[in-house]
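Read the structure below first, then the notes.
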Amino acid sequence: MGKVRYDVRRDWNEKRRNNINPNPIIADGKHEAIIPDELWEQVQFIISLEK
């Protein structure tokens with residue numbers, strides 16, 4: 001999709017790989033997207049139906 005995630009982990013120094021941040025920062029990357037936005041949205045919809 002051409003996005004970059006920041007701040008995915010909370011309290012990195014204290015809890016290392018645990019405690020995932022539920023609200024990471026998602027920004028547009030400077031790179032070209034591999035997957036078009038429309039395809040991403042379609043797949044996310046299909047995944048939500050399987051839950």
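Keep in mind that this is a model prediction, so the values were computed, not measured.
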According to a 4.5 Å side-chain heavy-atom criterion applied to Ile, Leu, Val, Met, Phe, Trp and Tyr, with indirect links allowed, do I47 and I26 form part of one hydrophobic cluster? no
Would you mind listing every side chain to side chain donor-acceptor pair (under 3.5 Å) that reaches into residues 38-49, with sequence neighbours excluded? none
If Ile, Leu, Val, Met, Phe, Trp and Tyr residues are connected whenever their side-chain heavy atoms lie under 4.5 Å apart, and connections chain through other members, are I35 and V43 in the same group? yes
From CA spacing to verdict: side-chain contact (heavy atoms from CB on, under 4.5 Å), V4, H31: CA-CA 9 Å; V4 178; H31 59 288; 3.7 Å; yes
